[in-house]
Amino acid sequence: MKIFELNKTNNCENLIKETPTKNDYDILISENTLFTKNNIPVGLYIKIEHPLINEIRKAAIETKYVKTYRTNKALPTQSSVFGSLPRVALRNDYCRFSSQTKSETLNTQRLFTFMPYLTKIYENHLPLQFNHDIKVINENVNTDYLLKENQPFATASINVNHAIKYHKDTGNFKGNLSNVLILKNNIIGGELVFPEYRFALSQDDSYLSIFDGQNEIHGCMPIMKIGNNHYRASIVYYTLENMKHCYPYKMEVERLQKLSTIRANKRAENVNPKYKTK
Ligand SMILES: [Fe+2]
């Protein structure tokens with residue numbers, strides 16, 4: 001395993017929302033590498049050699065992607081989300097499993113059966129960080145929302161053809177690392193650039209990267225197709241910080257029922273003051 005000691009050479013906050021270019025890095029990393037800071041392991045880039053990866057590939061090819069629009073990106077992107085989601089006021093005001101968790105049970109099983117293998121790699125190479133992440137989840141997320149217990153991830157997303165501009169990750173538990181697996185065919189580009197350190201990860205097929213996406217600016221080089229049957233999927237395992245607000249599932253359903261009654265009463269009051277409940 002190659003060791004790469006990280007040294008921040010420049011500040012690139014001004015690059016956020018910009019598209020990465022080849023001028024932003026000097027070193028392209030395409031072999032298994034452990035990243036260190038002051039000789040302490042902080043990140044990993046490693047090829048996954050496990051037959052189960054082909055199950056994830058099937059999931060990435062077979063899932064029905066949903067178009068999503070994100071405010072910081074111009075183009076719609078396509079994603080499938082599996083596992084737990086927190087409350088979203090007005091739209092889905094209760095903690096739940098994503099609709100695809102139920103409608104695509106085979107793909108859910110594929111993603112979460114593979115997860116312990118992935119997290120074993122995480123634990124083996126970055127034990128202190130892994131123990132930190134798992135402690136945060138165990139202390140903050142009710143086990144009703146964990147498809148696999150004693151694991152640091154409640155949710156997995158498959159994204160296709162995302163070439164995300166420079167950004168920092170948001171929404172996950174603070175201090176927990178980002179885990180991204182790349183599966184691709186007949187695609188060039190898509191290197192993951194860390195401009196403040198002047199290196200990029202090659203993001204080859206079957207490579208997993210684990211990094212501090214909340215603190216380090218990163219972005220994806222443009223992607224180009226070079227043949228038939230082309231695809232580029234990034235599979236991301238994570239836990240949203242808002243999951244800490246979720247009650248045990250039964251209580252969560254009761255909360256929703258109470259809220260629905262209150263809202264229905266309010267609507268009735270607005271229509272006819274005689275329906276005032278109190
Ligand atoms: Fe990211």
Side-chain angles (χ1 to χ4, degrees), residues 32 43-66 68 78-86 95-127 129-138 140-162 169 171-173 176-185 203-211 213 229 231-240 243 246 248-249:
N32 290 356
L44 184 67
Y45 181 63
I46 192 165
K47 184 167 179 142
I48 305 268
E49 318 239 18
H50 193 283
L52 273 181
I53 200 141
N54 286 322
E55 291 300 307
I56 306 294
R57 194 181 302 280
K58 283 183 202 162
I61 291 167
E62 292 170 15
T63 183
K64 289 195 182 101
Y65 290 102
V66 176
T68 51
Q78 292 190 306
S79 302
S80 286
V81 181
F82 298 87
S84 303
L85 292 171
C95 298
R96 63 206 184 280
F97 288 101
S98 76
S99 57
Q100 273 167 309
T101 311
K102 288 160 267 178
S103 64
E104 298 185 12
T105 49
L106 176 59
N107 288 337
T108 304
Q109 195 195 330
R110 284 165 165 161
L111 286 163
F112 284 88
T113 302
F114 177 70
M115 188 169 76
Y117 177 73
L118 181 147
T119 55
K120 199 76 210 158
I121 296 175
Y122 187 177
E123 185 178 13
N124 285 346
H125 292 91
L126 304 165
Q129 180 69 43
F130 178 82
N131 288 336
H132 162 272
D133 289 12
I134 212 154
K135 187 166 179 273
V136 167
I137 302 309
N138 285 340
N140 289 284
V141 181
N142 188 277
T143 53
D144 285 357
Y145 301 96
L146 299 174
L147 285 172
K148 294 263 180 199
E149 284 189 29
N150 221 23
Q151 291 285 316
F153 310 120
T155 318
S157 289
I158 311 177
N159 308 307
V160 272
N161 300 335
H162 282 206
D169 296 341
N172 300 339
F173 273 99
N176 287 17
L177 297 194
S178 304
N179 283 246
V180 181
L181 169 67
I182 295 293
L183 295 173
K184 68 176 189 180
N185 186 45
Q203 298 297 70
D204 292 322
D205 183 71
S206 303
Y207 271 83
L208 167 72
S209 50
I210 304 178
F211 58 96
N229 299 326
Y231 59 84
R232 182 188 189 274
S234 55
I235 293 93
V236 187
Y237 287 90
Y238 57 101
T239 308
L240 292 170
M243 291 302 298
C246 299
Y249 192 72

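Predicted model only: the values in this text are computed from it and were never measured.
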Can you give me the closest heavy-atom contact between [X] and [Y], atom names plus distance?
X    : Y    : result
R57  : S206 : NH2-OG, 3.6 Å
N107 : A59  : OD1-CA, 3.3 Å
V136 : N140 : O-ND2, 2.7 Å
L111 : I158 : CD1-CD1, 4.1 Å
P248 : Y145 : C-OH, 3.9 Å

[atom1]/[X] to [atom2]/[Y] distance, rounded to the nearest 0.5 angstrom?
X    : Y    : atom1 : atom2 : result
N179 : F211 : CG    : CZ    : 8.5 Å
I210 : Y45  : CD1   : OH    : 12.5 Å
L181 : I48  : CG    : CD1   : 6.0 Å
L118 : E123 : CG    : CD    : 12.0 Å
I182 : L208 : CD1   : CG    : 9.5 Å
H132 : F173 : NE2   : CZ    : 10.5 Å

### Message
Please determine whether side chain to side chain contact (heavy atoms under 4.5 Å, CB included) holds for the pair N176 and I137, giving the CA-CA distance in whole Å, both sets of side-chain angles, and the decisive distance to 0.1 Å.
### Response
CA-CA 9 Å; N176 287 17; I137 302 309; 3.8 Å; yes

### Task
Step by step, work out the side chain to side chain contact (heavy atoms under 4.5 Å, CB included) result for I53 and L183.
CA-CA 9 Å; I53 200 141; L183 295 173; 3.9 Å; yes

Please answer whether the main-chain N or O of [Y] pairs with a side-chain N or O of [X] as donor and acceptor at a distance below 3.5 Å.
X    : Y    : result
D133 : L177 : yes
R96  : P86  : yes
D205 : K184 : yes
Q129 : Y122 : no
Q100 : F82  : no
S79  : N159 : no
S80  : T63  : no
T101 : S98  : yes
S84  : T155 : no
Q151 : L146 : no

### Query
Would you say the side-chain atoms of S157 and Y238 include a donor-acceptor pair closer than 3.5 Å?
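Yes, because at least one side-chain N or O of S157 sits under 3.5 Å from a partner of the opposite role on Y238.
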
### Query
Are a donor atom and an acceptor atom from the side chains of T105 and T108 found within less than 3.5 Å of each other?
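Not at all, the side chains of T105 and T108 share no donor-acceptor pair under 3.5 Å.
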
#### Entry: Neighbour count >12 (heavy atoms, 6.0 Å) for atom NZ, K102
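Counting neighbours around NZ of K102, more than 12 heavy atoms of other residues, nucleotides or ligands fall under 6.0 Å, so yes.
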
### Query
Step by step, would you call N172 with T239 a side chain to side chain contact (heavy atoms under 4.5 Å, CB included)?
CA-CA 6 Å; N172 300 339; T239 308; over 6 Å; no

### Query
Would you call the rings of H50 and F114 parallel, tilted or perpendicular, where under 30° means parallel and over 60° means perpendicular?
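H50 vs F114 ring planes: perpendicular.
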
### Aromatic ring pairing F112/Y237, orientation class (parallel under 30°, perpendicular over 60°, tilted between)
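Perpendicular: the ring planes of F112 and Y237 meet at over 60°.
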
### Message
Under a 4.0 Å threshold between the charged nitrogen and the carboxylate oxygen, would K47 count as salt-bridged to D204?
### Response
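No, this pair does not count.
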
### Task
Apply the side-chain contact (heavy atoms from CB on, under 4.5 Å) test between Y249 and each candidate in D144, T143, N142; give the one that qualifies.
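So, applying the side-chain contact (heavy atoms from CB on, under 4.5 Å) to Y249 and each of D144, T143, N142, only D144 qualifies.
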
### Query
Side chains of H125 and I46: does their closest heavy-atom pair fall under 4.5 Å?
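Yes - at least one pair of side-chain heavy atoms lies under 4.5 Å apart.
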
#### Entry: Test item: F153 and L147 side chains (from C-beta on) under 4.5 Å apart, heavy atoms
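Result no, sub-4.5 Å side-chain heavy-atom pair not found.
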
### Query
What's the verdict on side chain to side chain contact (heavy atoms under 4.5 Å, CB included) for Y207 and V180, showing C-alpha distance, side-chain angles and the deciding distance?
CA-CA 8 Å; Y207 271 83; V180 181; over 6 Å; no

